[in-house]
Amino acid sequence: MAYQALYRVWRPQNFQQVVGQKIVTQTLKNSITTDQISHAYLFAGPRGTGKTSCAKIFAKAINCLDSQDGEPCNHCENCVAINENRLTDIIEIDAASNNGVDEIRDIRDKVKYPPTQAKYKVYIIDEVHMLSTGAFNALLKTLEEPPAHVVFILATTEIQKVPATIISRTQRFNFRRISADDIAEQLIHILTEKNISYDDQAIAVISRAADGGMRDALSILDQVLSFGNDHVSLENALEVTGDADDQSLAHYLSAIFNQNVTEALQTINTLFADGCSANRLIEGIIELLRDLLLQKNDAQLLTQMSYRQLDADLITAAAQIQSAQLYQMIDLTNEIQLQLKNSAHSELFLEVMTVKLANVAKTAAPVSEGAAANQAEVEKLQTQVAELKQQLSKLENHGVAVSPRTTMPKASTPVHKTDVKINRQQVYHVLENATKESLTAVRDVWPDLLSKLTPAKRAMMKVSQPVAASADAIVVAFTYEFTLRTATTDQDLQDALKQELNALMQNEADIILVQKDQWPKIRKEYIATLRQGKTEKPTTQATPPAELAQPTIVAEATKLFGDKIVKVEAN
Amino acid sequence: MKASLETLEQHFATVIAANELSHAYLFVGATNSGKMTLAQWIAQRLFCTNVKDGQPCGECAECRRIEEGNNPDYLVIQRATRTIGVDEIRGLKQELSKSGLEGRQRVFVIQDADKMTPAAANSLLKFLEEPASQVVIILTTTRLARILPTIQSRLQIVTLQSPTLATREQAIQQLGVDSTFSHVLSTTQFSLEDIQGWLEQVDAVQLQQTFWRWLTQILARKDSAFTLVQTQILSTFKEQKLQQLLPDLLLAALSDLFTVKFALNRPLNWTNQQENLQQFANQFSTQQVTALLEIVLGLRSMQEANVSFQNVLEYTTLRLLVVLA
C-alpha cells in the first residue's frame, strides 16, 4: 500500500470530525433531521477549510440508510459504497477540466434519470468558478428546478467568479478560515493517535504557517514528519515552513528601531542564508509589528490575541517608536510583500525594506522629541529670536567694540577644574544662527557619517549626538567627559568627521565638541548673556538669574545632600 | 524546507526507504539549482533495479532510460512557450488515470509550473489532491508566489538552495568571457547556450564598456546618460535575449553599490568596479542608494508587462537621475 498524505488519510468522514466550521455543519445536520434538504448548495471559502469534505459527508448523510442526528453512519451499504467511490449516484465533477457547455448539457440530460441505488442523486461540482459563462448559463435552469431526486453541491474558492444568478439559486454556506487554535488542536489529536511526540511551539508554528487551511497544516506536518524521526520538533517545523525564529526577528526589529541598519541587514542576510523564505519572513515581521502595536495600546489585549511572548529588549527598543510609525512600517512591509510576488530577487527586496523601515524609525524620531518638548520652550525660543534680532541691530548701530558677550560669559563660568576647555565663542556663534532644519538635516546624516568612520572612531562617536546646528557649524555633545577629552585631542578624528560631514551635507560646516551634561548649562548661559546684553528691558522669562549663576558643583551637591545641609559660602 | 541538492537526495532516500513518499511535490529554486536533477533522481530511485544504500545505480537499463527520457512511466512536461495551456494538462491527466505501463509506479514532472494558465492550474487541482493511480507528481518553479495557493496547499513544498556558481562561472569563462563578467553572468538566469548565442553576435568587452559608460554617466548625474540610451545602448543590446540581460546587469551593479554603501560582508558581483562604486557610494546618501536599487528591482516586471525596451530604459534613466539630482 502506497503512502497516503495525511490530509487524505484524515479527511473527515462525518460532520463531527469537520474542524472549525460548527455553524455550517450544524445547519446541514439540522436540515437533514428536519427533512428540509434544499436542491442546491454553494460552499464557498478559502482552500483547505472543508468544502469538498462537507459536500461528500452531506452526500453520504442524505443517502445513509441509518442516519443518526443528520450524521452518516459510515457502516451501511450506501456509506461504504460512497467512501469507496463506487456509488454511481454520487457524481463528483471537476468543473475546472469539464468547464464547457457540452459537459453541462450532459449533466442536464442525465439529471432526469432517477438514482439507481441511493435515495438522492448528488452532483458535487468542485472548483465551480472555472465554468465558462456559457456553462454557467446552461446550468441555470437545471439548478433552479431540478427533479426531486437531485441535489447539487457547488464548491469554490473564488466566489466572486460565480455569477449572481447562480448564487441566488443556491443556499450559500461560507466556510471560514480555521483558527490557529482549532488547527493546533486537530494536529495534536492526529499526533496523539499516531503516537508521535511533539514540541508545543512546533505545533504553534505549523498552525500559524497554515494560514487557516487545514490541508496546508497537514501537508506541512507530513513534511515535518518525513524529516524528523517520529518527533515533531520546533527546529524541523521552522525549517519546513521557512519561518524565522522569534529571537532573530526580535533582534532584527530592535536593530531597526535603534537605526542600526548594518546590524539589521546582517541579521536578515543570515536568516536568508539559513533558509528562511522571504514571504514567511515578511509575514513574521508584520505579525511582530502588530504585536508591538497591541502592546503599546493595550498590553492586556496582547496576551489574549497573540501566542508569542514579546522580547523584553524589543519592547525597550520599541519604546521610542510611536504607533503612527508602526502603522507606517506595517504599510511599507505590506507593499514590499506584494512586490515580492513578481520578483525573483527577494533578498534584495528585503534589504531595501530594511533600509526603508529604519528610515521610518528615524524620520519621526526628532518630531517625537519636538512633540514632547513643552509649548513654553517653543515660545521662549521665539522670544529669544526676537531679542537676538534686536541685539543684532543694536550692535550694528553702536559697533562691536565693547561687546558684552566677550566678557560676561567668563564672569558666569562655573569653576569646574576637570572641564575640557570649550570654545564658548564658537558655540554661541552657532547658537545664534542655529535652526531646527539644519539640526534635523545633521541628525539625518549622522548615522551615515558614523558608519563611514573606522570602527575605533565609530565606537568613540557612538556616545555623541549633534545637539545644535547652524549653516556653518554643528555642536556635538558627548555623554562622557572622558570620550570628549580624547576626541578633542584627536585631531585625526576631528578632520575625518569634518570631511565626512561636509561630504554628506555638501557644505563647509565646522564641528564643535561639548559635553552632554554641560550642554543645558551652556545654553542657559548663552540666554543669560543675551539678557545681560540688554538689562534695561524687563524680562518675562522663567529661569531666575540666581539659579543660573549657581555652579553645577553646588547644584550637584544640593541634589545629593539636600539644601538644608549644603551652605554656599563665598570666600 | 530549504536545502542543497545533496541533502535533499539524502532526505528523499530515507523517505522512500520508509515508504513515506507523498504523491505530490513542488520544487522551488533558482534556475540551475537542480530541481530537474532531483526529480530525475527520485524517478531513478523508484525504478532502479539495483538500488545500493538508498542510491540508484545510474547504470542499469532503467536508470539509463530515465536519463535518456525513454521510460514511458517517467513523463516530463516541458514547454519552451510562455504558457502551459489547459490542453497539455488534459493530456497529462489522461496519462495520470492510467496505471504504469511497465511498473506500477509512475512519475510525472511539470517543469516551470508557474507557466500554467489559470485554467490549466485549476484543472489540475482535483488530480493533485487524489490521483487515481499510484503516481508521484512533481511540479517545479522558480517563483513560489506564482503558484495558486490552492495548488500549494495540496503539495509538499521543497525549496532548493541556489547552486554554487563556481562551476557555472568556469564554464562561462571557457566561452571566452573575462572573469568578472562571467561571474556576473553566472548569477543570471541565462543558460550557457544563451550566453554562447550572444557572444557570436556581440563582443563581451564592448558590451560591458557600453553598459558601464551609461551607468557611470547616470551615477555622475550627467543628463547625457539619457541620450546614451538611444545612441549606444539600444544599438548594442539589440537581441531580445540581450535586452533581458540588461536589467540583470543593472541590478547586479546597483546591489553592489548597496553592498558597498552598507559595508555588507558579501562578495561583489562586479568585482572590478569596487573603487568606482566606492567613490559613488561616498557621494550618495543611504536613502538614495536604496531608492536606486528599488527602481531597478521594478524593471523586470515592466519588461514582463511588455513595455518596449527603449521606453523601459529611458524611463529608468530619468528616474535614476531624478533620485540623484
Side-chain angles (χ1 to χ4, degrees), chain A residues 2-5 7-8 46-48 52 92 94-97 99 126-127 129-130 157 210-211 213 215-216 219-220 222-223 225-227 239-242 261-262 265-266 269 274-277 279 339-345 348-349 351-352 355-356 358-359 444-445 447-448 451-452 503-504, chain B residues 1-3 11 14-15 18-24 30 86 89-90 93 105 118-119 121-127 129-130 134 142-146 149-150 152-159 161 189 251 255 258 262-266 282-283 285-287 289-290 293-294 297-298 300-301 304:
Chain A
Y3 180 75
Q4 272 210 322
Y7 68 79
R8 289 167 70 185
R47 82 242 121 63
T52 312
E92 202 177 330
D94 174 18
S97 24
N99 61 349
D126 218 346
E127 320 296 346
H129 60 268
M130 287 309 290
T157 45
D211 194 24
R215 188 174 46 223
D216 297 60
S219 284
I220 297 170
D222 229 339
Q223 217 168 346
L225 283 178
S226 72
F227 220 80
E239 189 150 350
V240 170
T241 55
V261 183
T262 320
L265 284 174
Q266 268 158 9
N269 279 334
D274 287 350
C276 284
S277 86
N279 205 24
Q339 291 177 356
L340 209 59
K341 287 198 174 152
N342 293 316
S343 173
H345 304 276
L348 289 174
F349 265 112
E351 288 178 358
V352 168
V355 179
K356 283 179 130 187
N359 207 21
D444 256 352
V445 298
D448 287 6
S451 68
K452 283 192 187 161
L504 283 169
Chain B
M1 175 157 78
K2 188 171 180 177
H11 170 67
T14 39
V15 168
N19 191 23
E20 280 180 0
L21 193 68
S22 180
H23 62 278
V86 74
I89 300 299
R90 278 210 189 109
K93 274 173 16 187
Q105 186 103 37
N122 271 294
S123 68
L124 202 58
L125 281 175
K126 294 295 282 181
F127 276 86
E129 185 157 17
E130 292 185 339
Q134 197 174 337
T142 48
R143 299 186 207 175
L144 181 61
R146 290 273 175 95
T150 38
Q152 282 184 36
S153 97
R154 285 164 164 83
L155 304 166
Q156 287 196 19
I157 300 165
V158 176
T159 313
Q161 247 163 21
Q189 307 189 5
L251 198 60
S255 72
F258 190 86
F262 287 94
L264 293 180
N265 183 21
R266 66 170 171 219
N282 289 344
Q283 290 173 22
S285 76
T286 47
Q287 255 82 72
V289 172
T290 318
L293 184 58
E294 208 184 355
L297 276 170
R300 185 35 72 86
S301 58
E304 273 170 12

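Labels below follow one simple rule: chain letters A, B, ... track the order of the sequence lines, proteins then strands, and each chain is numbered from 1.
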Q.
As an exercise, state the distance from CZ of B:R143 to CG of A:L340, rounded to the nearest 0.5 Å.
A. 11.0 Å
Q. Which region of A:T52, side chain (C-beta onward) or backbone (N, CA, C, O), has a non-hydrogen atom less than 4.5 Å from a non-hydrogen atom of chain B, or is it both or neither?
A. side chain
Q | Separation of B:L297 CG from A:H345 NE2 (nearest 0.5 Å) | A | 7.0 Å
Q: Compute whether any side-chain donor of one residue and acceptor of the other, for B:N265 and A:Q266, lie under 3.5 angstrom apart.
A: no
Q: Could you please spell out the steps behind the side-chain contact (heavy atoms from CB on, under 4.5 Å) verdict for B:Q156 and A:V240?
A: CA-CA 9 Å; B:Q156 287 196 19; A:V240 170; over 6 Å; no
Q | From B:S123 atom OG to A:E127 atom CD, the distance as rounded to the nearest 0.5 Å | A | 10.0 Å
**Q.** Note: A:R47-B:E129 ion pair, threshold 4.0 Å (strictly below)
**A.** no
Q: Side chain from CB out, backbone as N, CA, C, O: work out which of these in B:T286 comes under 4.5 Å of a heavy atom of chain A, or both, or neither.
A: both
Q: State, to 0.1 Å, how close B:S255 and A:L348 come at their nearest heavy-atom pair, and which atoms those are.
A: CB-CD2, 3.5 Å
Q: Find out whether B:L125 and A:D94 are in side-chain contact, i.e. whether some heavy atom of one side chain is under 4.5 Å from a heavy atom of the other.
A: no
Q: State the CD1-OG1 distance between B:I157 and A:T241, to the nearest 0.5 angstrom.
A: 10.5 Å
Q) A:S97 and B:K126: side-chain donor and acceptor closer than 3.5 Å? A) no
Q: Measure A:R215 against the heavy atoms of chain B and call it side chain, backbone, both or neither at under 4.5 Å.
A: both
Q: Report the distance from atom CZ of B:R266 to atom CG of A:N269, rounding to the nearest 0.5 Å.
A: 5.5 Å
Q) Which bit of B:L21 is near chain A, if near means a heavy-atom gap under 4.5 Å: side chain, backbone, both or neither? A) backbone
Q.
Heavy-atom cut-off 4.5 Å, strictly under: side chain, backbone, both or neither for B:A119 against chain A?
A. both
(Q) Can you tell me which of B:P149, B:A263, B:P118 forms the most heavy-atom pairs within a distance under 4.5 Å of chain A? (A) B:P149
Q) So which heavy atom on A:V352 is nearest to which on B:F258, and how close? A) N-CZ, 4.5 Å
Q: Heavy-atom distances under 4.5 Å only: say whether A:D222 touches chain B with side chain, backbone, both or neither.
A: both
Q | Contact class of A:D211 relative to chain B, heavy atoms under 4.5 angstrom | A | neither
Q) Less than 4.5 Å apart, any side-chain heavy atom of B:H23 and any of A:Q4? A) no
Q: Verify, without hydrogens or angle tests, whether A:S219 (side chain) and B:R154 (backbone) share a donor-acceptor contact under 3.5 angstrom.
A: no
Q. Should B:F262 and A:V355 count as side-chain neighbours, where that means a heavy-atom distance under 4.5 Å?
A. yes
Q: Below 4.5 Å from any heavy atom of chain A, which atoms of B:L155 appear? Answer side chain, backbone, both or neither.
A: backbone
Q: Look up atom OG in B:S22 and atom CG in A:L225, then write down how far apart they are to the nearest 0.5 Å.
A: 11.5 Å
Q: Measure distances from A:E351 to the heavy atoms of chain B and classify the residue's part below 4.5 Å as side chain, backbone, both or neither.
A: both
Q: Just give me the residue among B:Q287, B:E304, B:R300 that pairs up with chain A most often, heavy atom to heavy atom, under 4.5 Å.
A: B:Q287
